[in-house]
Peer 1: 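Shown below is the structure under consideration.
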Amino acid sequence: MSSDEKPDGRPAAPRSLAEALRARDDASLAALLRARPDLITPVPTDLTQLATRAGTRASVVRALERLDRFALQTAEALAVAGDPAPYDELLALMAGDDGDAAVAAALPRALGTLREQALVWGGDDRLRLVRTARELLSPSPQHPSPTGLGPTVQEATAGMSPGRIQELVTAAGLPSTHDAVSAAAALTALFTDRERMAKLLGQAPAEAREVLSRLVWGPPYGQVTPDPAAHLRWLLDRGLLLPTAPGTVVLPREVALHLRGGRAHRETQPVPPPVEPAGPTGTRQSSPQAVDATAAGQAYTALATVEELLKDWDEGGPAVLRAGGLSVRDLKRTAVALDVSEPVAAFWVELAYAAGLIASDGEADERYAATPAHDEWRERPAADRWAELAGAWLAATRTAGLVGGRDAKDRTLAALGPGLDRSAAPEVRHRVLALLAALPAGTSPDPESVLARLRWERPLRGPQQEDDLRSRLARWTLQEAELLGVTGRGALSSHGRALLGAPEPQAADDAARTPDSPDVPDTPGDKLPVHHRAAPAGTPGAGPVPPGPADPQARAAARAAAARLLAPLLPEPLDHVLLQADLTAVAPGPLQRPLADVLDVLADVESKGGATVYRFTPASVRRALDAGRSASDLHAFLTAHSRTPVPQPLAYLIDDVARRHGHLRVGAASAYVRCDDDAVLNEILADKRSAALRLRRLAPTVLAAQADPAALLEGLRALGYAPAAESAEGDVLITRADARRTPPRTPPEPVPEGPPVPDATLLTAAIRAIRAGDLASTAPRKTPGTPPAPGELPRTSSAETLATVQAAVLTGEALWIGYVNADGAASQRVIAPVRVEGGFVTAYDHTADEVRTYPLHRITGVAELADE
């Protein structure tokens with residue numbers, strides 16, 4: 001009979017968490033490492049080290065924080081139950097004396113989640129919460145239990161004198177005992193006996209019962225005076241209230257559970273709250289086509305807004321603050337330029353930054369500017385550009401909603417500045433959109449029900465805060481998804497669904513049962529008993545929800561699918577405008593890139609919307625002439641791209657500006673003005689407004705100025721002239737707006753929330769290494785004297801090591817060795833030596849399943865394996 005079996009042949013109950021992990025199969029270990037990726041960083045040497053790491057405080061706290069509300073309530077109930085506790089005791093604490101069918105149905109899933117994450121181990125007859133979790137969740141005067149329960153009678157009477165305990169026993173109507181331990185046990189038996197306890201409380205004064213009702217749901221501690229009232233004295237005399245410190249009493253846990261009807265929690269939540277439609281039933285139900293059309297319109301607006309931002313910063317954007325980010329003044333100016341509020345402007349700026357379209361130029365006078373990636377992005381189809389923006393938003397950890405707030409040092413958080421990363425943001429965004437995807441197509445959710453669902457899936461430990469970070473992230477997600485066109489009328493669009501990689505929406509009659517309902521049937525082939533089963537993939541409590549597809553190829557495929565669905569909904573770019581007699585042009589839709597670029601130089605945008613209105617002015621026409629266009633070029637351009645005849649006033653405007661353009665020439669002396677018509681120069685000199693230019697005549701057709709050429713050009717233009725700049729050779733300089741670009745920049749990397757979830761390749765390799773190390777550490781061996789402790793390397797002298805290895809080469813036996821590699825990492829291995837020469841041993845390594853060569857001086861010790 002194996003030591004791991006009972007006399008009847010059944011597996012023996014594990015004696016430690018390490019033994020429980022050793023009994024798991026590879027799939028179960030992989031599920032543990034996926035749910036708690038911090039356990040694999042670095043890879044443990046064996047299962048004993050894995051169990052030790054799983055019980056550390058930091059790891060347990062992180063695991064508890066990622067449990068759903070019911071799984072956390074189950075762990076809290078185990079913390080106040082006996083250690084170990086049978087499953088029936090746990091069920092009684094969760095469901096109460098009267099039972100609860102919903103709790104009974106959901107408890108196996110919650111317990112399976114705790115088992116999968118190595119927070120609970122042992123059979124159903126001996127459930128054990130890991131020690132660190134019990135310390136965190138158990139009641140104490142410094143840290144009250146989330147259940148509101150106090151200490152047990154045994155714990156509360158630990159420092160009480162034996163005589164006082166006997167007085168309590170006698171006052172409660174029990175026979176006296178011989179020692180304090182048995183007296184406390186007698187009180188415990190009384191308080192846990194429902195009939196006797198009901199009879200005892202029936203004799204209590206009404207005021208005493210009122211005191212108990214105030215303490216029953218916690219906190220269980222109260223204050224009393226040195227001379228308590230009669231009803232308090234009645235409770236103290238019978239042990240229903242026990243002193244813990246001078247002037248302080250506590251309600252024992254057994255008494256509280258009796259008054260609660262056996263429940264550990266006032267309210268259990270075994271089922272996640274549903275996400276409800278917004279408003280009265282049916283008021284926010286839109287057709288999927290209307291949702292997609294609205295979302296597509298907003299997606300087009302989002303593209304136009306980002307392009308307007310990049311155009312505004314094309315020649316160099318605002319300066320970078322010394323501490324990083326945009327100043328409040330520059331953010332306000334950007335908001336005015338985009339015609340949006342400042343928080344919305346911060347969102348668009350952060351979105352362009354997350355997509356890698358803007359960055360700091362890194363110069364001495366550091367400014368923000370468009371990146372080279374922006375030029376490539378502009379040339380792509382509109383749907384692809386939107387998919388890139390939406391994908392960057394979904395994965396970004398930078399959170400625009402924090403702009404304007406305060407950091408831990410009470411400093412203002414600036415757009416594009418430090419301190420805006422929140423590692424939970426991608427997960428919350430993905431989860432909010434996934435909840436929307438579970439609703440019937442066209443349904444807008446009630447935001448409060450979304451927040452309630454998120455709080456159930458990731459409850460706050462300690463005092464509840466309605467304005468916690470995850471709730472704020474969820475609110476911002478709903479607002480930003482609408483701005484970006486992922487949702488329309490509050491409902492998830494088809495291209496937004498494709499961006500998530502989500503399945504097609506369910507039928508309306510199936511909407512009430514979401515994919516993450518806890519009553520998903522058990523997967524076939526599950527080897528664990530029903531109480532051991534973990535949650536199926538996608539159920540609440542099954543571990544962290546990854547922020548979208550983890551594989552980069554899958555993310556790229558999701559973006560491509562979203563772009564394909566969005567493309568037919570976006571308006572086709574137009575190749576024409578409508579010229580009007582009031583010197584305006586109307587673009588009835590988005591314009592093709594070459595037409596839009598030329599028109600941006602030739603005219604000024606007057607208004608935006610479904611149609612864009614451009615206005616032609618002398619300054620805008622001169623701007624086109626300065627860029628190298630001639631009057632004939634402009635006439636031909638307008639004729640080719642207008643569906644209406646070119647109005648006469650516009651033709652006159654172009655000809656008039658062109659006739660005067662270049663009549664004056666400005667060059668570098670400091671600066672000079674020359675003109676073939678000396679009457680024009682006389683007119684300039686006579687104009688009092690030209691005094692600031694400090695002009696003087698050098699020749700009949702030449703004026704000199706003490707201003708630089710650029711200032712002279714601007715001054716003459718302000719006087720109403722149309723001068724042209726010329727080079728040192730006398731040629732007219734063609735001036736275009738210089739597009740300023742940063743050096744190549746990569747988008748900001750998201751800040752991960754803890755270690756990343758390992759992929760299948762890493763999990764397979766890690767589990768194999770852990771199994772191999774565990775085989776080496778647990779292999780039975782012949783060790784003279786005291787065997788090494790678990791995890792300790794064997795120690796032998798160099799001569800003993802060499803002799804043992806040489807003997808094993810002759811006999812073909814396997815050995816257990818301790819080995820330290822070149823990096824100083826120690827490990828245990830089981831090897832079968834093949835040959836020894838030149839200070840090296842060549843052996844078949846059973847732990848690595850391959851032939852390896854080891855330097856003898858790195859082997860700390862060696863031992864022969866036992867015969868079995």
Side-chain angles (χ1 to χ4, degrees), residues 2-4 18-19 21-30 33 39-40 42-52 758-868:
S2 170
S3 60
D4 295 334
E19 287 191 9
L21 294 178
R22 197 165 285 124
R24 291 191 179 195
D25 57 17
D26 288 354
S28 180
L29 284 180
L33 297 178
L39 300 182
I40 204 175
V43 176
T45 57
D46 54 33
L47 288 169
T48 300
Q49 188 179 93
L50 177 63
T52 302
D759 57 23
T761 303
L762 176 58
L763 280 177
T764 301
I767 292 173
R768 180 179 175 183
I770 294 171
R771 293 283 192 200
D774 200 60
L775 172 65
S777 63
T778 59
R781 46 195 174 266
K782 301 176 184 177
T783 53
T786 303
E792 182 181 344
L793 299 181
R795 299 288 177 180
T796 56
S797 66
S798 300
E800 291 173 332
T801 298
L802 179 59
T804 305
V805 172
Q806 289 175 335
V809 172
L810 298 175
T811 60
E813 293 181 350
L815 299 176
W816 174 65
I817 67 170
Y819 180 72
V820 178
N821 64 14
D823 297 326
S827 61
Q828 305 175 54
R829 300 177 180 276
V830 176
I831 65 171
V834 177
R835 66 177 179 272
V836 181
E837 58 184 10
F840 292 87
V841 55
T842 301
Y844 175 77
D845 191 331
H846 289 276
T847 56
D849 195 21
E850 64 183 12
V851 175
R852 290 184 174 180
T853 300
Y854 300 100
L856 282 170
H857 70 277
R858 293 194 179 277
I859 298 178
T860 64
V862 63
E864 298 178 8
L865 295 180
D867 295 334
E868 294 183 1

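We're numbering straight along the sequence, starting at 1.
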Peer 1: Would you please test Thr801 and Ile817 for side chain to side chain contact (heavy atoms under 4.5 Å, CB included) and show each step?
Peer 2: CA-CA 9 Å; Thr801 298; Ile817 67 170; over 6 Å; no
Peer 1: What's the verdict on side chain to side chain contact (heavy atoms under 4.5 Å, CB included) for Leu762 and Leu33, showing C-alpha distance, side-chain angles and the deciding distance?
Peer 2: CA-CA 10 Å; Leu762 176 58; Leu33 297 178; over 6 Å; no
Peer 1: Excluding sequence neighbours, so at least two apart, what forms side-chain hydrogen bond (donor to acceptor under 3.5 Å, both in side chains) with Asp759?
Peer 2: none
Peer 1: CD1 of Ile831 to CD1 of Ile859: how many Å apart, nearest 0.5 Å?
Peer 2: 5.5 Å
Peer 1: So which heavy atom on Pro833 is nearest to which on Ala843, and how close?
Peer 2: CA-CB, 3.5 Å
Peer 1: Apply side chain to side chain contact (heavy atoms under 4.5 Å, CB included) to the pair Thr804 and Leu815, showing each step before the final yes or no.
Peer 2: CA-CA 9 Å; Thr804 305; Leu815 299 176; 4.0 Å; yes
Peer 1: With a 4.5 Å cut-off on side-chain heavy atoms, are Leu763 and Ile40 touching?
Peer 2: yes
Peer 1: Which pair of heavy atoms, one from Tyr819 and one from Thr860, lies closest together, and at what distance?
Peer 2: N-OG1, 4.4 Å
Peer 1: If we only count heavy atoms from C-beta on, is the Leu50 to Leu21 side-chain gap below 4.5 Å?
Peer 2: yes
Peer 1: Can you tell me how far apart CZ (Phe840) and CZ (Arg858) are? Round to the nearest 0.5 Å.
Peer 2: 9.5 Å
Peer 1: What are the two closest heavy atoms between Arg24 and Arg771, and how far apart are they?
Peer 2: O-NH2, 2.6 Å
Peer 1: At their closest point, which heavy atom of Arg22 faces which heavy atom of Thr48, and how far apart are they?
Peer 2: NH2-OG1, 3.4 Å
Peer 1: Check side-chain hydrogen bond (donor to acceptor under 3.5 Å, both in side chains) between Arg835 and all other residues, then give those that pass, not counting sequence neighbours.
Peer 2: Glu837
Peer 1: Quick one: CG on Leu39 to CD on Gln49, what's the gap to the nearest 0.5 Å?
Peer 2: 11.0 Å
Peer 1: Is Gln806 close to Leu810 at the side-chain level, that is, under 4.5 Å between some pair of heavy atoms?
Peer 2: no
Peer 1: Would you say Val841 and Val809 make side-chain contact, with heavy atoms under 4.5 Å?
Peer 2: no
